[in-house]
Every structure is written in structure tokens, then in C-alpha cells.
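Take a look at the structure set out below.
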2 protein chains.
Amino acid sequence: MPRPDIQTSRRRALVQAAIAEIGKRGTLDVTVGGIARRAGVSSALAHHYFGSKDHILTAAMRHILQGLRAEHMRRLRGVTGPRERLRATIAANFGGQSFRREVIAAWLAFYVSAQHDREARRLLRVYQRRLRSALLSDLRPLAGDDAPQLADTVAALIDGFYIREASRTGAADPAGLAARIDATLDILLEARA
Amino acid sequence: MPRPDIQTSRRRALVQAAIAEIGKRGTLDVTVGGIARRAGVSSALAHHYFGSKDHILTAAMRHILQGLRAEHMRRLRGVTGPRERLRATIAANFGGQSFRREVIAAWLAFYVSAQHDREARRLLRVYQRRLRSALLSDLRPLAGDDAPQLADTVAALIDGFYIREASRTGAADPAGLAARIDATLDILLEARA
DNA sequence: CCACGTGTTGACTGATCAGTCAATCATCGC
DNA sequence: GCGATGATTGACTGATCAGTCAACACGTGG
């Protein structure tokens, strides 16, 4: 009989350890041994649960993506107007867990691995499609035919600010970045009128 | 007596091979052997000229940075007004060699390695500082006190569009992206007036 | 208390790779 | 020609690592 509690807790611990390890090394070039050690188990167990190193890493990316999605939903709750929803969408990318050092490092590393890893590529596409469609559906009532272009621009601003942040030192100011994008969007929307 | 012609041609070939190899694999996770083979020499020779793998890779990044700088200078030649200079600065990041597949892959990979490699970090800073100061000096006459914020926004747009392009499939349209940023900047500048 | 399935591990293997070294090859000044 | 100096390599080493395997631990149902 499987023991789902142990199984899921081990998997969770390994995924967390993988993200932490990626953050510490700043690369996807981590070892199964390192991840397992950090999770307090043997490397053989990591293989037992995930089968391969790639599976651990894509599970980690999936976990980050889920966190981002959850953050987005949380911020959308109770928000109605399109402009306010856009604010929430933008803020979601700079809030919650998304701005933890190791998450940024992992995110960046996944962008790289999407170049050659099929599954990483697929997951990255999911994120991009999700972001674009969220932006688009709230921009359409505000900007009509310009919505697609505006959505691309806002998405680029989000990714651009986010990734530039990855190479900074010192304290980050996620809320400030979100506010900056927001203000820019205000100007772009107003100029259309 | 050293034979500078051979020395430089070998070094150049190895750096080109390194960029090509990074592009093919989509990672900084390339082997000295692979680079050397692509350059038509033994891996021992690569070590002879560069001392270590890291030295080859940072040389590759330096080469890309030099190419970007050269492209920038070329596009600035004969251009005088600040608005036109801004257009040239933006276009430089999307023109020349910068948009070749392997250069994009290498650029992305360097962003990652800047997380843990001191020299990569330094080089990335050089690029960022250069871009920011170029934008700033031409934005100041147009936007006064808002110039710093605008410079950050434009820089984020450049990096954002560039990096999003890295995960695309199909044909790229670098000129179109530059034009998009340009149009956005027009709106932002006008709104200030 | 036994049998069975799951959890868990240490030890091992096969492969890969960065970097070294001693030895040849080529070229140039003399 | 000849020695010196750089160019170049094949073979080697030491280390690292993903993944395997056989065995042991342990709780549960019978």
C-alpha cells in the first residue's frame, strides 16, 4: 500500500531543496546529491521518487509556476474593474514568493534551459500564454485594437524589470517596480484616448 | 618570438567556436573538447591559449559585448539630435550580430552565470552601465528630471523584448521590436509635455 | 509472528570532463 | 644546418556525477 503522506512530503521537500540549491549556486548546474543532502535524504531516494534529475528540475519549475498562479488568483480575488485587475496581474509577478532570490535565479535558469529542454520550453510557454491572455482580456475593454501591442509591451516590461533585478546587488523593491510599470501603463492608456 | 598572427587567429577561432557551441547547446554547459573540435584544434591547445574554460567563456562574452558596442558606435555615426540618437541606441540592441540565435542564447546564459561568476557579473554591469548612461544622456535634454526613470523603463523594454524573443520559435523581426520600443518612447515623451 | 510492500540507503559503475605533461612539429634568426 | 622558441597533440589523471542495485528497516494486514 502506498503511503501518500510520506510520498508527497518527500517530493515536496526535494522540490524545495532543488529550488534552494539552484538559488545558492545560481545555476541549473546542481547535483542530485546536493539536492538530496539538503533535503536530508540520500541521492538514491531522490532517484527513487523522481526517476531522473530532469524530472526533479521540471517539478521545481512547475512548483514555481504554481506559486505564481496562486499569487495571481489571490490578488485577483474581489477585484473587478479591468484597470484594477491589470494592477493585480502586474503586482503578482513582483509579489509573493516570486521575488525571493532563489526563485529569481531559478526562473532565469529555466529561461536558459528552455532553449534545449522540451519540457522546460513547454512550461515557459504556459507562463507566457497565461500572462498574455490575462493582460489581453483586461486591456481589450480599455484599449480595443491596441490591446495586443500593449499586452506585449507590458509583458516585456514585467520580464525586463524582473530579469534586470536578478543582476542587481542590494535590497530589491518589488512593489516599487510594479508601481513603475503601472504608472507607465497609465500613460500609455491615456495617450490612446 | 611569439607569432601574434597565429595566436590571435587561434584565439578568435576558439571564441567564435565557443559562441557557436553555446548557441547549439543553448547552455553555458559546453565542453572545452567540443569548442576545440569545432575550432579544429585539440582541447589541449584551447587550454594552452586560454588557461581555463572560464577564460574562454568570458572571452566569448567580451567579444559579444565588443560587437554590441561597435554596432552602437556605427549607428551613432553622423546622428546628432537626442531623439535620433535614442533611436540608434535602441536599434543597436536589435541589430547587427545581436540577434543571431547563438548570440541570444549566449547572452541569456551569461545572465545566469553572472549570478555566481565574478567576471561575468562585472561584464554584465559594464553593459548595463553603458546602456543606461547612453539613454540617460540623450533623455535628459528631452525629459529633464524624468530622464532616470525613463531610462530604466526603456532599458527594461529592451531587455524584456530581447529575452522574450529568446524563447520564441519561428522568424524574428528585430527591426519591428525596435520600432515598437521607439513608438512607446514617443508616447512617454509626449505625455510629459 | 510472518510475509509483503514500501522506504531507505551505501556502495558501486560507467561515463564525462577539465586540466596536465611530455613529446613532436614547424618556423625563424643566425 | 642548427638551436631556440612557439605550436600542437595524444595520452593520461583525478575528480565529479547520474543512475543502478542489492540489501536492510519497518510498519501493517493477516
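The model shown is predicted, which means the values in this text are computed figures rather than measured ones. Protein chains get the first letters and strands the later ones, always in sequence-line order, with residue 1 at the start of each.
Note on R83(A) versus D182(A): salt bridge recorded, some NZ/NE/NH1/NH2 to OD/OE distance being below 4.0 Å.
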Item to check | salt bridge (charged side-chain N to carboxylate O under 4.0 Å, His left out) assessment of D152(A) paired with R132(A) | outcome: CA-CA 7 Å; D152(A) 284 344; R132(A) 189 186 155 82; 2.4 Å; yes
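Under the side-chain hydrogen bond (donor to acceptor under 3.5 Å, both in side chains) criterion, R75(B) pairs with E71(B), not counting sequence neighbours. Judged as a side chain to side chain contact (heavy atoms under 4.5 Å, CB included), and not counting sequence neighbours, the contacts of Q149(B) are R180(A).
Within 6.0 Å of the CZ atom in R125(B), the count of heavy atoms belonging to other residues, nucleotides or ligands exceeds 12. More than 12 heavy atoms of other residues, nucleotides or ligands lie within 6.0 Å of CZ in R192(B), so this atom counts as buried by the packing criterion.
F50(B) comes within 4.0 angstrom of nothing in the nucleic acid, heavy atoms only.
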Checklist outcome for this item: Its contact letters, B for base, S for sugar-phosphate only and - for none at protein heavy atoms under 4.0 Å, make nucleotides 11-19 of chain D read ------SSB
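Taking 4.0 angstrom as the limit, R10(A) places a side-chain polar atom (N or O) nearer than this to OP1 or OP2 of dT8(C).
Set against dT8(D), dT9(D), dT8(C), the side chain of Y49(A) has dT8(C) as its closest nucleotide. Of the candidates dG7(C), dA7(D), dG10(D), dG7(C) carries the atom nearest the H48(A) side chain, counting heavy atoms from C-beta on.
Following rounding to the nearest Å, L45(B) (CG) and dC21(C) (C1') show an atom-to-atom distance of 15 Å.
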